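Accompanying notes for the structure given below.
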Amino acid sequence: MMSPTHDESVGGPTEDDNRPSFSALLEDDAADLYDNAPCGYLSTLLDGEIAKINATLLDWLGYAREDLVGRKRFTDLLTVGGRLYHETHFAPLLRMQGQAREIALELVAADGRRLPVLVNSTVKTGADGAPLLIRSTVFDARQRRAYERELLRAREAAEQECARWQRLSETLQRTLLPPILPAVPGLEVAAHYHAASYEHIGGDFYDLFPLAGNRWAFFLGDVCGKGPEAAVVTSLTRYTLRAAAVYDPDPVAVLSNLNSVVLQQGHAADARYCTVVFGLLVPDGDGFTLTVASGGHPPALVARADGRIEMLHTPGGQLIGILPDATIAVASTRLAPGESVLLYTDGLTEARDFDGAQLGDEHLAQLADGFVGRGAVEIVSSLATMLDGLGDRLTDDTALLALTVRAES
């Protein structure tokens, strides 16, 4: 007959036999649990006199029990600001609701140190419902306060960085636009740039400048994308258009030149393109002959003196910077005294209404009805006010340029 081995089947010793019993792990001494709890406990009479306090809180504050029990009130442990808050908020809250949760205070230790704490208090009542005393639990909030300070510093640093970036964006944006439009004999001119957000530099641009022979050139466009990369293309576009117009002011030649330059500067990884309209104004008696060339840009809007609103369509014009031989569309008209032309980027028509739908060309047509008989300054001012009112429903930057032939006085 084989002798039994020491295994679980015959009751041999196991690893668990060396562990304390589960019941022994339980805390049986309520007094020790109260006194050495990982948080502070405090009981006060209704007038705030300290009746009971545990060793944990005494250790935090550096007091002996006899220094506080029956000798001081809870408010004696508070800072001046804490006492004021206790009288105006904490105590009234306890009287009205019988409890207060997560009240942030600072206790003053025996050596003058300040201890940030969170206090939960409950009013204990008797069998008749009358209040007897106030029991409070006090949590050490030093680590939390340090975390909050770090969080505040991080937020302040982020706000400063955001403000710095906004100033940088605004400064860079201003360099991409003319600081002031020149005075043009016989014309009233006005422009406006509305940034949907200064977190990103936009790619909208415009300009107006003189050429030889009393002629004037202008352009307005929108570079694809935002940020520094778009700003680089915007700057390139503005200076190229100005230089090309001086060399050969023919609108088609100007945009063809721009198309070649943008293609040469582009790279496959970060290719950029733009829509642009370039115009030429030539004095014509009491008005001006207007010729515009467009590379994929929305049509200019013309407000006639007799109340008609026309779109100066340039169908077939292709985006600048995409194809080597982009098609440039051309249109011409005459502006008589009192007539205006408005150029705009698509931020004006792609803004959203309250239902989330784009405002579109129909909304622009409705706005244009109010342009008749108004000068460029009034037209641009009314549109700028409308754009300001759109708030975050305006999702893209918008550039506006208006030209009005002055009526004979």
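Since the model is a prediction, treat every value here as computed from it, not as a measurement. One is the number of the first residue; the rest follow in order along the sequence.
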- Item | V223 to C274 - nearest heavy-atom pair and separation | CA-CB, 3.8 Å
- Would D35 and R65 pass as an ion pair if we require N to O under 4.0 Å? yes
- Please, which pairs that meet ring pair (Phe, Tyr, Trp, His ring centres under 6.0 Å) have at least one residue in residues 51-81, sequence neighbours excluded? F74-H86
- Message: Are the side chains of N36 and N54 in contact, using a 4.5 Å heavy-atom criterion?
- Response: no
- Task: Verify the neighbour count for atom CZ of F139: are there more than 12 heavy atoms of other residues, nucleotides or ligands below 6.0 Å?
- Result: yes
- Task: Would you indicate whether the side-chain heavy atoms of L400 and L387 approach each other to under 4.5 Å?
- Result: yes
- Message: Can you confirm if the NZ or CZ of R135 lies within 45° of the ring axis of Y41 and under 6.0 Å from the centre of its six-membered ring?
- Response: no
- Shortest non-hydrogen pair, L211 vs A217, comes out as CD1-CB, 3.6 Å
- Pairwise side-chain contact, T404 with L187, heavy-atom cut-off 4.5 Å (strictly under): no
- Message: Apply side-chain contact (heavy atoms from CB on, under 4.5 Å) to residues L181 and Y206 and explain how you reach the verdict.
- Response: CA-CA 10 Å; L181 294 178; Y206 61 83; 4.2 Å; yes
- Does the pair H194 and D397 meet the rule for a side chain to side chain donor-acceptor pair (under 3.5 Å), with working shown? CA-CA 6 Å; H194 187 100; D397 296 352; over 6 Å; no
- Item | Rounded distance [0.5 Å steps], OH in Y344 versus CG in L367 | 11.0 Å
- d(L68 CG, I50 CD1) to nearest 0.5 Å is 4.5 Å
- Please walk me through it: do V184 and L208 pass side-chain contact (heavy atoms from CB on, under 4.5 Å)? CA-CA 9 Å; V184 181; L208 171 67; 3.9 Å; yes
- Message: Any side-chain to backbone donor/acceptor pair from S340 onto A376? Under 3.5 Å, distance only.
- Response: no
- In this structure, CD1 of I320 is separated from OG1 of T237 (nearest 0.5 Å) by 9.0 Å
- Message: Tell me whether I180 at atom CD1 has more than 12 heavy atoms from other residues, nucleotides or ligands lying less than 6.0 Å away.
- Response: no
- Q143 atom CD: more than 12 heavy-atom contacts under 6.0 Å: no
- Message: Show the nearest heavy-atom pair for residues V123 and P131, with the distance to one decimal.
- Response: CG1-CB, 3.6 Å
- Task: Write down the atom of V189, the atom of V377, and the distance for their closest heavy-atom approach.
- Result: O-CG2, 4.2 Å
- Sidechain-backbone polar pair: E102 side chain, N120 backbone, donor-acceptor under 3.5 Å: no
- Item | Least distance between heavy atoms, R215 atom then L280 atom | CB-CD1, 4.3 Å
- Task: Enter the distance from L335:CG to L281:CG here, rounded to the nearest 0.5 Å.
- Result: 7.0 Å
- Identify the residue among L342, L290, L343 that makes a side chain to side chain contact (heavy atoms under 4.5 Å, CB included) with L312. L290
- Item | R101, CZ atom: more than 12 neighbouring heavy atoms under 6.0 Å | yes
- Task: Under the side chain to side chain donor-acceptor pair (under 3.5 Å) rule, what do D204 and Y193 come out as? Steps first, then yes or no, please.
- Result: CA-CA 8 Å; D204 293 19; Y193 182 91; 5.2 Å; no
- Item | Pairing of E106 and R114 as salt bridge, 4.0 angstrom limit | yes
- Message: Whether the side chain of R374 engages the backbone of I379 through a donor-acceptor N/O pair (distance < 3.5 Å, no angle test) should be reported.
- Response: no
- Task: Using a 4.5 Å cut-off on heavy atoms from C-beta on, say whether the side chain of L133 contacts that of T44.
- Result: no
- Message: Quick check for you: to the nearest 0.5 Å, what is the distance between L258 atom CG and I328 atom CD1?
- Response: 8.5 Å
- Task: For the pair D248 (side chain) and A253 (backbone), establish whether a donor and an acceptor sit closer than 3.5 Å, ignoring hydrogens and angles.
- Result: no
- Query: If only atom types and distance count, is the side chain of D67 paired as donor or acceptor with the main-chain N or O of A64 below 3.5 Å?
  - Reply: yes
- Report yes if the side chains of V276 and L255 come closer than 4.5 Å at any heavy-atom pair, otherwise no. yes
- Task: Output the distance between atom OG1 (T240) and atom CG (N259), rounded to the nearest 0.5 Å.
- Result: 11.5 Å
- Query: So, do F371 and S382 sit near enough that their side-chain heavy atoms are less than 4.5 Å apart?
  - Reply: yes
- Query: For the side chain of S136 and the backbone of S121, is there at least one donor-acceptor N/O pair under 3.5 Å apart?
  - Reply: no
- Item | CG (D111) with more than 12 external heavy atoms under 6.0 Å | yes
- Query: Is any side-chain heavy atom of V119 closer than 4.5 Å to a side-chain heavy atom of T137?
  - Reply: no
- Message: Apply side-chain contact (heavy atoms from CB on, under 4.5 Å) to residues K52 and L42 and explain how you reach the verdict.
- Response: CA-CA 6 Å; K52 191 175 182 180; L42 181 73; over 6 Å; no
- Message: Could you report the tightest heavy-atom contact between A305 and P337, atom names first, then the distance?
- Response: CB-O, 3.9 Å
- Residue pair E156 / L152, side-chain heavy-atom distance below 4.5 Å: yes
- side-chain hydrogen bond (donor to acceptor under 3.5 Å, both in side chains): which pairs involve residues 282-307, sequence neighbours left out? T275-H297, D284-T289, D284-R334, D286-R334, T291-S332, S294-T314, R304-E310, R304-T333, R304-E339, D306-R308
- Item | R238 and D207 ion-paired at < 4.0 Å | yes
- Show your working on side-chain contact (heavy atoms from CB on, under 4.5 Å) between L107 and L57 and close with a plain yes or no. CA-CA 10 Å; L107 302 182; L57 188 52; 4.2 Å; yes
